[in-house]
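Chain identifiers are assigned alphabetically (A, B, ...) following the order of the sequence lines, protein sequences preceding nucleic acid strands; residue numbering begins at 1 within each chain. Below, all heavy atoms of this structure are taken into account, side chains as well, without hydrogens, waters or symmetry copies. These figures come from a predicted structure and were not determined experimentally.
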Number of protein chains: 2
Amino acid sequence: MESRCENCIIRQFNSLRAMSKEELKRVSDSKTTRVIKKGEPIFKEGEKLDGVFCVREGVSKLSKLSANGKDQIVKLASKGEVIGQRSVVAEESVNLSAVAVSDMEVCFIPKEGIVSTLHTNPNFTLEVLRHMAHDLKEADDVIVNMSQKNVKQRMAEAFLYLKNNFGEDEEGFLRLVLSREDISNVVGTAIESCIRIISEFKKKGYLKTSGKKIGIADEKALNNLIEGF
Amino acid sequence: MESRCENCIIRQFNSLRAMSKEELKRVSDSKTTRVIKKGEPIFKEGEKLDGVFCVREGVSKLSKLSANGKDQIVKLASKGEVIGQRSVVAEESVNLSAVAVSDMEVCFIPKEGIVSTLHTNPNFTLEVLRHMAHDLKEADDVIVNMSQKNVKQRMAEAFLYLKNNFGEDEEGFLRLVLSREDISNVVGTAIESCIRIISEFKKKGYLKTSGKKIGIADEKALNNLIEGF
DNA sequence: ACAGGAATATGATATTTATCAGGTTTTACG
DNA sequence: CGTAAAACCTGATAAATATCATATTCCTGT
């Protein structure tokens with residue numbers, strides 16, 4: 001592994017930036033880099049993790065399987081995010097599965113370096129805490145959306161979320177391409193309903209599509225829909 | 001305020017137990033105790049908090065108002081829990097409103113004592129972090145339940161949750177008495193649907209009622225329902 | 001290039017859930 | 001104690017959503 005954490009820009013986006021030089025060196029010496037192909041799992045619900053994964057490239061879905069066989073996507077993690085943190089911090093098995101939704105490159109950081117720094121460097125611990133506080137707020141928002149918005153509104157939100165977090169290509173299509181099934185698992189609805197609503201939005205001129213690619217054609221209309229107009 | 005944090009048993013249940021004697025003394029000197037009557041607010045969504053609230057007695061609902069005027073209850077906090085922590089840690093305004101659902105006694109702890117300890121005592125910070133990690137896991141579970149279980153299943157879960165977290169009285173009724181409206185706001189459904197399902201569960205012998213009080217009569221049946229049988 | 005499978009799409013229908021409209025019971029309080 | 005308001009309940013209906021069935025299109029591996 002030639003690349004060192006000390007030189008990794010990704011680090012600026014996550015809690016690792018609060019580590020001291022020495023701590024970072026230790027982490028860098030122990031880390032390993034892995035390439036994960038689209039569709040491959042990083043870890044599965046219920047496993048014990050020996051460390052965390054820092055996303056260098058690509059996007060992972062974090063989801064939870066339910067009794068009826070569907071899985072709900074709780075979060076999409078991309079460049080700069082650290083996944084598996086909650087599990088390592090709480091010393092519990094992971095509550096979510098992580099699967100790559102695009103080709104990925106991640107660094108695996110064994111938990112020892114993380115845990116010892118948590119015990120000794122309050123700046124680092126506080127930084128991790130702040131990130132978790134942010135995640136918790138987002139989770140609260142998702143709960144409220146799930147229970148108070150209808151499927152169309154949640155679909156509209158999902159597309160705006162994808163635009164704001166993963167961007168668009170030159171032609172105005174969402175950069176992150178998800179299958180209809182993944183979209184329905186984000187929104188929490190049946191695949192057929194998801195597809196139907198995409199068709200409807202297309203007819204109304206809110207969206208455009210090209211194969212699997214989806215683009216936002218009328219952001220204002222989507223926003224109005226979310227607000228209930 | 002005669003009572004001191006150092007002697008408060010409540011402390012054992014939350015992150016304050018990781019504070020040193022001196023830190024705890026500072027907190028105790030700056031804290032104030034407040035009595036909050038059922039129905040009264042502790043804080044409202046969007047406010048800036050100058051500290052956290054440690055629950056000594058009673059239960060508070062943490063909820064978020066949505067565009068359509070309903071509010072979704074995200075969490076019920078009781079004895080020993082610290083509320084407002086997320087906001088203080090992230091240095092953001094609170095994302096939830098807190099209202100007492102029973103008469104309460106809470107200690108208000110100004111944030112200065114908390115924040116300075118967060119910066120200097122990694123054990124305390126880690127303890128807070130662990131609590132937040134736990135809350136985040138619970139929030140993830142709620143998201144999955146919301147999106148994958150139907151209203152009846154969520155109702156059944158809510159009653160079991162109330163039993164497990166707040167207990168039953170001598171006659172087997174749930175100790176925490178919530179209005180039908182509060183129950184519907186926990187479950188994320190219309191009041192009428194909530195009431196209808198309570199009636200149905202009563203007819204089927206899953207629940208018993210006495211005025212506003214609700215008791216679980218057939219826990220196994222409720223569990224089966226949740227599992228989808 | 002093409003066969004086969006997966007993903008996408010759409011219609012018909014069933015089920016779930018919300019909404020509206022009216023009741024009854026309980027509670028708060030002058 | 002009595003009255004008004006709030007909370008609770010029930011029925012009828014409408015709306016939202018899931019499910020089932022069946023095309024169609026797209027992609028993958030040989």
Is there a residue in residues 156-163 of chain B whose heavy atoms reach under 4.0 Å of DNA chain C, and which residues are they?
->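 Within residues 156-163 of chain B, no residue comes under 4.0 Å of DNA chain C.
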
Neighbours of DNA chain C within residues 176-192 of chain B, by heavy-atom distance under 4.0 Å =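 Result for residues 176-192 of chain B: Thr189(B), Ala190(B), Glu192(B), sorted by number.
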
Sub-4.5 Å side-chain heavy-atom contact between Ser66(B) and Gln72(B) |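 Contact flag for Ser66(B)/Gln72(B) side chains = no.
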
Kindly indicate whether the side chain of Asn223(B), heavy atoms from C-beta on, has any atom under 4.5 Å from the side chain of Leu160(B).
->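 Yes. Closest side-chain heavy atoms under 4.5 Å.
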
Scan residues 79-104 of chain A for pairs that pass ring pair (Phe, Tyr, Trp, His ring centres under 6.0 Å), counting only residues two or more places apart or in two chains.
->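 Sorted result for residues 79-104 of chain A: empty, none.
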
Only counting residues at least two apart or in another chain, list the ones meeting side-chain contact (heavy atoms from CB on, under 4.5 Å) with Glu157(B).
->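 With neighbours one apart ignored, the set is Asn145(B), Lys149(B), Ile226(B).
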
For Asn165(A), which residues count as a side-chain contact (heavy atoms from CB on, under 4.5 Å) partner, sequence neighbours excluded?
->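 Result, side-chain contact (heavy atoms from CB on, under 4.5 Å) vs Asn165(A): Tyr161(A).
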
Electrostatic pair [X]-[Y], nearest N-O below 4.0 angstrom:
| X | Y | result |
| --- | --- | --- |
| Lys64(B) | Asp140(A) | no |
| Asp135(B) | Lys75(B) | yes |
| Arg86(A) | Glu91(A) | no |

For Arg196(A) and for Ile198(B), locate the closest nucleotide of DNA chain D by heavy-atom distance; then report the residue assigned to the nucleotide nearer the 5' terminus.
->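 Residue closer to the 5' terminus by nearest nucleotide: Ile198(B).
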
Distance (rounded to the nearest 0.5 Å) between [X] [atom1] and [Y] [atom2]:
| X | Y | atom1 | atom2 | value |
| --- | --- | --- | --- | --- |
| Phe108(A) | Leu49(A) | CZ | CG | 7.5 Å |
| Phe201(A) | Leu222(A) | CZ | CG | 6.0 Å |
| Lys61(A) | Leu76(A) | NZ | CG | 9.5 Å |
| Ser184(B) | Arg154(B) | OG | CZ | 11.0 Å |

With sequence neighbours excluded, residues passing salt bridge (Lys or Arg N to Asp or Glu O under 4.0 Å) with Glu192(B) =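 With neighbours one apart ignored, the set is empty.
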
Who pairs with Glu219(B) by salt bridge (Lys or Arg N to Asp or Glu O under 4.0 Å), at least two apart in sequence or on another chain?
->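 Partners of Glu219(B) under the salt bridge (Lys or Arg N to Asp or Glu O under 4.0 Å) test: Lys163(B).
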
Does Lys204(A) have any side chain to side chain donor-acceptor pair (under 3.5 Å) partners at least two apart in sequence or in another chain, and if so, which?
->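 Once residues adjacent in sequence are excluded, the partners of Lys204(A) under the side chain to side chain donor-acceptor pair (under 3.5 Å) criterion are Glu200(A).
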
How far does the helix from dA1(C)-dT30(D) to dG30(C)-dC1(D) bend, going by the axes of its first and last five pairs, to the nearest 10°?
->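 Roughly 50° between the end axes, to the nearest 10°.
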
Segment of DNA chain C, first to last nucleotide, that comes within the 4.0 Å heavy-atom reach of chain B |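 For DNA chain C, the relevant span reads dT17(C) to dC20(C).
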
Please check if the side chain of Thr209(A) supplies one atom and the backbone of Ile214(A) the other of a donor-acceptor pair under 3.5 Å.
->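 Not a single qualifying donor-acceptor pair exists.
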
Whether Glu105(A) side chain and Gly58(A) backbone form a donor-acceptor pair below 3.5 Å =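 Checking the backbone N and O of Gly58(A) against the side chain of Glu105(A), no donor-acceptor pair under 3.5 Å is found.
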
Just call it for Lys70(A): base, sugar-phosphate, or nothing, with non-hydrogen atoms closer than 4.0 Å on any strand.
->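 Sugar-phosphate only.
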
Going by heavy atoms closer than 4.0 Å, what residues in residues 203-214 of chain A are next to DNA chain D?
->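 The answer is none.
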
Nucleotide range of DNA chain D lying under 4.0 Å from chain B heavy atoms =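 First and last nucleotides in contact are dC8(D) to dA12(D).
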
